[in-house]
Amino acid sequence: MNKNILLLLIFSIVLNACSSTSSKQIDLSEMETAMAATKAGYFGDFLVHMHKAEDNLDTAENIYHKFQRGHGSSAMAAKGTQAAKSALQHRKNAEQTVEKIMAPLTIISEGNTLTIEQMDDRLSYIEALHIPEGVAIPEHNLYFGFANSRIQSGQKKKIQGTVDFLKKYPVFALELIGYADTVGDKAYNYKLAEKRNQAVLKMLQKRGLPTNTVVTIAVGEASGADETKNPNNRRVEVHPYVHGRYAKTISSNLDMERTEEINVGEGFMLAPGQ
């Protein structure tokens with residue numbers, strides 16, 4: 001064998017081996033995750049069926065045009081027919097998926113309105129279409145100093161995390177529950193809890209979060225022995241609820257004895273139980 005040819009052969013083998021080793025070391029997990037997320041849920045089904053419908057339709061049309069130009073065979077005709085049938089089936093599948101996506105949006109039919117429970121179920125269904133299963137909803141306790149409602153710098157990162165999350169899932173409700181410790185007058189501590197709620201609400205507004213679906217609940221003194229300094233009780237609990245998840249939870253909170261008054265958004269008052 002020619003020496004030059006032998007050297008080229010050896011170089012080719014080494015190059016292929018290096019290429020193979022390199023490909024094995026490449027992490028494809030991010031690619032796999034993105035592909036799986038794209039195909040997930042009803043909308044993912046819609047995308048997949050539409051893509052397959054387009055591919056099969058292209059195949060059928062190319063074969064059909066060849067026959068129009070006087071070219072083709074019985075095998076090619078069979079292939080074109082099968083491709084056309086597959087395209088039609090995938091189109092039907094895509095249409096069925098669209099119907100599933102749109103079904104919850106039809107809330108009024110022939111003059112019959114849905115009950116609150118049915119609307120909640122539909123909201124929960126829509127939520128499932130947009131929020132991947134297993135997504136953690138960030139809940140936080142924001143702590144305050146003794147007898148004040150100023151948000152401490154160390155707590156602002158928690159607020160920003162809530163804002164970032166709810167901007168990602170913008171159909172939401174947010175519940176703020178304010179507490180105080182048991183030192184001092186109960187009426188004063190109730191007002192202090194309200195002020196702490198309002199401080200958090202203003203911070204959320206300042207960072208660009210809509211507050212028309214924010215519910216604030218001032219509990220006042222937390223449970224425990226009277227005249228007890230407890231830093232853990234000087235807090236506002238932050239509970240985000242995305243889409244349909246919030247309705248039943250907030251309803252149950254309204255039934256609790258701790259709820260004396262609810263302030264929605266920026267000043268609209270609801271009596272207990274309403």
Side-chain angles (χ1 to χ4, degrees), residues 120 123-124 126-127 130-132 134-222 229-254 256 258-272 274:
D120 288 346
L123 284 171
S124 297
I126 294 172
E127 169 195 341
H130 296 279
I131 302 179
V135 169
I137 297 177
E139 295 188 302
H140 303 294
N141 288 339
L142 303 173
Y143 296 100
F144 295 79
F146 179 70
N148 77 65
S149 57
R150 182 176 58 83
I151 296 176
Q152 300 174 349
S153 59
Q155 305 296 302
K156 293 179 181 179
K157 186 176 180 180
K158 297 179 183 178
I159 294 179
Q160 189 60 50
T162 300
V163 171
D164 292 342
F165 177 82
L166 293 179
K167 283 185 176 180
K168 187 175 181 181
Y169 302 108
V171 183
F172 70 88
L174 182 64
E175 187 179 47
L176 305 177
I177 307 176
Y179 293 87
D181 64 21
T182 59
V183 177
D185 181 70
K186 288 185 181 294
Y188 171 84
N189 285 331
Y190 177 77
K191 291 181 179 179
L192 181 58
E194 279 189 321
K195 288 180 180 179
R196 287 170 175 167
N197 280 338
Q198 292 304 312
V200 176
L201 189 64
K202 288 178 181 178
M203 179 68 71
L204 292 170
Q205 285 179 304
K206 185 177 180 181
R207 300 197 175 199
L209 192 73
T211 57
N212 58 309
T213 55
V214 177
V215 176
T216 64
I217 302 174
V219 176
E221 292 187 0
K229 291 185 178 181
N230 187 342
N232 291 329
N233 288 340
R234 304 166 197 153
R235 70 184 189 272
V236 169
E237 295 178 357
V238 181
H239 301 286
Y241 305 100
V242 287
H243 300 299
R245 294 188 191 180
Y246 74 89
K248 293 181 180 178
T249 307
I250 287 184
S251 295
S252 66
N253 285 341
L254 295 179
M256 298 174 64
R258 68 180 186 182
T259 306
E260 299 178 23
E261 178 179 84
I262 298 176
N263 180 358
V264 180
E266 299 179 81
F268 181 75
M269 307 300 291
L270 289 180
Q274 289 186 329

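Just so you know, these numbers come straight off a predicted model, no measurement behind them.
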Q | Point-to-point distance, once rounded to the nearest 0.5 Å, from OG1 of Thr162 to CE of Met203 | A | 12.0 Å
Q | Heavy-atom pair of closest approach, residues Ala199 and Ser149 | A | CB-O, 3.3 Å
Q: Calculate, to the nearest 0.5 Å, the distance between atoms CG and CD belonging to Leu176 and Gln198 respectively.
A: 8.5 Å
Q. Would a 4.5 Å heavy-atom cut-off, applied to side chains only, mark Val183 and Phe146 as touching?
A. yes
(Q) I need the Gln155 CD to Asn141 CG distance, nearest 0.5 Å. (A) 9.0 Å
Q.
Treating Asn230 as the side-chain partner and Thr182 as the backbone partner, does any N or O pair qualify as donor plus acceptor under 3.5 Å?
A. no
Q: Taking all non-hydrogen atoms of both residues into account, name the closest pair between Lys167 and Gly208 and its distance.
A: CE-O, 3.6 Å
Q: Considering non-hydrogen atoms only, spot the tightest contact between Ala147 and Leu192 and give its length.
A: CA-CD2, 4.0 Å
Q: Can you see which heavy atom on Arg196 is nearest to which on Phe144, and at what distance?
A: NE-CB, 3.6 Å
(Q) Rounded to the nearest 0.5 Å, what separates atom CD1 in Ile217 from atom CD1 in Ile177? (A) 4.5 Å
Q. For the atom pair OG1 (Thr216) and CD (Glu194), what is the distance rounded to the nearest 0.5 Å?
A. 7.5 Å
Q) Backbone N or O of Gly178 within a donor-acceptor pair of the Asn197 side chain at under 3.5 Å? A) yes
Q | Under-4.0 Å salt bridge between Asp181 and Arg234 | A | yes
Q) side-chain contact (heavy atoms from CB on, under 4.5 Å) with Ile159: which of Leu209, Asp164, Leu204? A) Leu204
(Q) For the residue pair Arg235 and Tyr179, would you count it as a cation-pi contact if the rule is NZ or CZ under 6.0 angstrom from the ring centre and within 45 degrees of the ring axis? (A) yes
Q) Are any of the side-chain heavy atoms of Lys156 and Arg207 separated by less than 4.5 Å? A) yes
Q) Going from CD on Gln205 to NZ on Lys202, what distance comes out if it is rounded to the nearest 0.5 angstrom? A) 8.5 Å
Q.
Can you tell me if Lys158 has over 12 outside heavy atoms packed within less than 6.0 Å of its NZ?
A. yes
